[in-house]
Every structure is written in structure tokens, then in C-alpha cells.
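This report refers to the structure that appears directly beneath it.
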Amino acid sequence: MPSFSPAVSGTRTRRSSALAVGATSFAFLVTMMGTTLPTPLYSIYAQELAFSALTVTILFAVYAVGVVVALALFGRLSDDLGRRPVLFLAVTLAAVSAVLFLLPSTLPVFVVARVISGLSAGLMTGTGTAAVIDLFPPDRKAAAGMLAIAVNTGGLGLGTLSAGVIADLTSSPLTIPYVVNLVLAVLAGAALWLFAPAPATRPTWRIRPRRLQVPASIRGAFVTAVLAAGTAFAVTGVLTAVSALFLTEYLGSRSHTMAGLVVFLTFLFMAFGQLLARRMSTAAAMLVGCLALIPSAGLLALALANIVLAPLLASAVVLGVAGGLCLNASIATTVERVEQQFRGGVSSAFFAGIYVMLAVPAVGVGVLARFTDLRAAGIVFSALVAALGAGVAVAQLIARRRA
């Protein structure tokens with residue numbers, strides 16, 4: 001019988017682990033890319049299907065509903081079945097969503113596609129975060145958390161930017177982005193099948209929605225984490241709700257790349273915020289992140305009030321750094337602190353909370369815009385999310401003084 005030295009065995013184990021991390025991260029990235037492809041294309045859909053600001057935010061809302069439903073009902077599914085089956089299901093739903101977007105554009109088809117896209121994101125967000133952290137040794141959980149956030153936000157940012165660039169360079173802006181995403185989803189599914197670790201026990205595929213639970217040991221930290229990261233997502237929701245239509249209707253921009261770039265900058269600088277967070281304590285990173293959300297919202301309001309581009313771009317950059325600080329600290333104090341058998345549920349509960357906070361102001365902008373206009377609605381909700389960031393920061397300061 002052949003024998004292998006410990007060195008050879010160790011090399012193979014490391015290679016296998018690297019392939020598993022790569023396959024899982026790639027699937028995570030591709031799935032999240034698919035969820036933001038429509039963002040820079042809304043101006044085209046607005047012309048073809050007569051979408052109003054309210055319609056756009058409702059479409060954003062149904063996506064968020066899909067995310068929250070998947071997280072709330074099936075957030076612990078990967079703890080029961082194993083990570084790979086749920087990751088594979090998420091990628092499959094992402095592919096189905098891309099196919100639906102390739103059908104003739106009608107509002108009902110668009111709504112169904114957005115809901116399925118939300119379901120795919122919900123399954124992937126909770127399970128993908130837990131899966132990436134599982135694949136790292138205990139002494140590298142911080143690096144694992146950073147990678148999980150990076151592929152999550154990186155996918156969201158690349159989706160908007162790639163769709164915008166493709167829309168400007170091709171004559172089929174409502175087709176090619178989804179074809180590319182469909183191909184990538186198929187490749188991601190194959191990579192998961194080949195390289196992601198199989199469940200320790202054979203899955204029974206008996207899907208039983210179970211209430212998400214957070215271990216008592218981290219409940220206080222969990223609430224703080226959801227409020228901090230959720231506030232960053234709330235500002236992102238306002239920015240996403242107003243940026244594309246603001247560029248088109250008020251700044252006269254016809255560049256879909258610019259519409260994608262605004263959102264891309266937010267998620268790009270979230271990566272920088274994560275790197276910055278590694279040089280700070282988690283408490284300091286969370287506090288600084290919440291405080292930085294205030295000028296971010298202020299810059300957004302300034303751009304809307306004066307109809308200028310520069311503060312809009314600056315808002316996206318500051319928001320990205322602040323969001324990266326909040327997300328890194330939040331994951332470190334919640335998902336990274338629990339045992340593996342609870343990680344999928346805690347991760348899903350965390351993202352369910354912050355996606356609710358993402359959706360509410362985005363929908364609020366669309367509703368208020370019906371009674372005023374997009375600029376006024378954006379300014380009002382910029383003020384509200386700035387006040388929310390200030391309130392969360394004050395609450396943290398009070399908690400630190402009492403500790």
C-alpha cells in the first residue's frame with residue numbers, strides 16, 4: 001500500500017482547504033453580484049416599463065423581503081444539513097433569477113425575479129459567512145470574518161459596476177449582464193460540487209423552518225452589532241434608493257457606469273474600513289464607524305440639496321469606510337464568538353436584522369417621493385439615518401461608561 005509522509009499529507013490538506021475557501025468565496029461573490037445587477041439599469045427599466053421612484057423602491061423592498069424570509073425561516077438550515085447543500089441551493093436560485101431577468105421585461109416577471117434573487121442572497125449571506133469562518137483555524141477567525149465580509153460586499157459592488165459598464169459598452173444592456181451572471185453561477189455551482197467540503201452526515205433534506213436563536217452569552221453584543229451595522233445599511237439603503245434616478249433626472253447623466261460606480265465605491269471602501277478596523281479594538285471600531293455615518297448622511301443630503309455630484313461620491317466613500325468598521329466589529333462580536341453548530345443561525349439572524357434596516361428607509365424614500373419629490377425625500381431620510389447613527393453611538397458611549 002502506498003504511504004505518504006506527514007509533509008505531503010499536510011500539503012494536500014492545505015491545498016484542499018485553499019480550494020474549499022476559494023470555491024465557497026467565489027460562490028458567495030457571484031450570488032451577491034447577481035442581486036445588484038439591476039441597480040444601475042433602473043433608468044433603462046424606467047423608460048421601458050415606466051418605473052417611478054416608488055416602483056423602484058418597491059422592487060428593492062421585495063428583494064429585501066426575499067432576503068429576510070430566507071434568513072428568518074431557513075437561517076439555521078445549514079446547521080442541520082451542512083453548508084454545501086445550502087450554498088448550492090443559493091447558487092441555483094441565483095441562476096434561476098438570472099434566467100427570469102432574461103425573459104421579456106414585464107413588471108410581474110421582474111418582481112418574481114427580485115424575490116428569488118432575495119431568497120438566494122438570504123441563503124448565501126448567512127450560510128456563506130458561516131461556511132467561510134468554518135474553513136479557517138481558530139486562530140484565524142478574524143481573517144475569516146474579513147474575507148466573508150469582503151466577498152459579500154465585493155459581490156454587491158461588482159454587480160452594480162459590471163452591469164453599468166456593460167450597459168454603456170453594449171447594445172443589449174438588459175441581457176448581457178444576466179448572461180454573464182448565469183455563466184458565473186454555473187461555474188460557481190461546479191466549484192462547490194468539486195471542492196466545498198461535504199456534510200459530515202448525509203443530509204435528509206427535510207426542510208423544517210425553525211426560529212432563529214441567539215445564544216444568551218452574546219445577546220447584548222448581538223443587539224449592539226445589529227444596530228451598528230444596520231445603521232450603516234440604512235444609510236446605504238437611502239443612497240441606493242436615490243442615486244441612480246438622481247443622476248439621471250437631476251444631474252442629466254446618461255452614464256450607467258456612473259450609476260454603478262456610486263454604489264461600487266461604497267462597497268469598495270468597506271474593504272478599506274475592514275483593514276482599518278483590524279488596527280483598532282472592536283468597541284472603538286464600532287463607535288468610530290457609527291459616528292462616521294453622520295457626515296456620510298450629511299454629504300448625501302448636501303448633494304441632493306445642491307444638485308451636485310462631488311458630495312454624492314464623497315458620501316459613498318465615507319459610508320463605505322464607516323460601514324466596513326461597523327460590519328467588521330459586528331461580525332467579530334457575534335458570529336466569530338459562537339460555536340460552529342450555532343454559527344449559521346447567528347449569522348442569519350444578524351443579517352436578517354440589518355437587511356430590515358436596509359429596506360425600511362429605502363422604501364420610505366419611495367413613498368415620501370410620491371408626496372414631495374426624490375430630492376426632498378432623500379434629504380428627510382438622510383437626516384433620519386444620521387440621527388439613528390448618532391443615537392447608536394451615544395448608546396455605546398453610555399454602555400462603555402457603565403461597564
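Remark: side-chain polar atoms of Ser172 are not paired, donor with acceptor, to backbone N or O of Thr175 under 3.5 angstrom. When atom types are taken as modelled, the side chain of Ser281 and the backbone of Ala284 share a donor-acceptor pair closer than 3.5 angstrom. Side chain of Asn152 to main chain of Ala148: no donor-acceptor pair is present (N/O by atom type, distance under 3.5 Å, no hydrogens or angles). Formation of a donor-acceptor pair under 3.5 Å by the Thr31 side chain with backbone atoms of Ala27 is found in this model. Using a distance-only test at 3.5 Å, with no hydrogens or angles considered, no donor-acceptor pair links the side chain of Ser348 to the main chain of Gly345. At least one donor-acceptor pair closer than 3.5 Å links the side chain of Arg219 to the backbone N or O of Val214. Listed for the Asp168 side chain is a donor-acceptor partner under 3.5 Å among the backbone atoms of Thr257. The closest donor-acceptor contact from the side chain of Arg83 to the backbone of Gly128 lies at 3.5 Å or more, if one exists at all. Put simply, the side chain of Thr35 gets close to the backbone of Met32: a donor and an acceptor are under 3.5 Å apart.
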In sequence, state the C-alpha distance, the side-chain angles, and the governing distance for Val91 and Leu192, and then conclude on side-chain contact (heavy atoms from CB on, under 4.5 Å). CA-CA 9 Å; Val91 171; Leu192 286 173; 3.9 Å; yes
Please determine whether side-chain contact (heavy atoms from CB on, under 4.5 Å) holds for the pair Val262 and Leu313, giving the CA-CA distance in whole Å, both sets of side-chain angles, and the decisive distance to 0.1 Å. CA-CA 6 Å; Val262 172; Leu313 298 177; 4.0 Å; yes
Run the numbers on Leu374 and Val365 for side-chain contact (heavy atoms from CB on, under 4.5 Å), then give the verdict. CA-CA 7 Å; Leu374 183 69; Val365 168; 4.1 Å; yes
Decide yes or no on side-chain contact (heavy atoms from CB on, under 4.5 Å) for Thr224 and Gln396, but give the supporting numbers first. CA-CA 8 Å; Thr224 301; Gln396 290 180 59; 4.2 Å; yes
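Residues Phe272 and Val321 come closest through the heavy atom pair CD2-CG2, 3.8 Å. When all heavy atoms of Ser120 and Leu93 are compared, the closest pair comes out as CB-CB, 3.6 Å. Closest approach of Val346 to Pro215, counting heavy atoms only: CG2-CD, 3.6 Å. When all heavy atoms of Ser162 and Leu37 are compared, the closest pair comes out as OG-CD2, 3.9 Å. Between Ala131 and Thr24 the shortest heavy-atom distance is CB-CG2, 3.9 Å. For the residue pair Ser25 and Val151, the shortest heavy atom distance occurs at CB-CG1, 3.8 Å.
Looking only at side-chain heavy atoms (C-beta outward), Phe110 and Pro38 come within less than 4.5 Å of each other. Proximity of Tyr250 to Leu304: side-chain heavy atoms (C-beta onward) are nowhere separated by under 4.5 Å. Counting heavy atoms from C-beta on, the side chains of Leu358 and Val67 never come closer than 4.5 Å.
Applying the ring-ring contact (aromatic ring centres under 6.0 Å, His included) rule to pairs touching residues 144-187 yields Phe101-Tyr178, sequence neighbours excluded.
Aromatic ring orientation, Phe351 versus Tyr355: tilted (interplanar angle from 30° to 60°).
The only option from Ser315, Ser382, Ser243 that meets the side-chain contact (heavy atoms from CB on, under 4.5 Å) definition with Val238 turns out to be Ser382.
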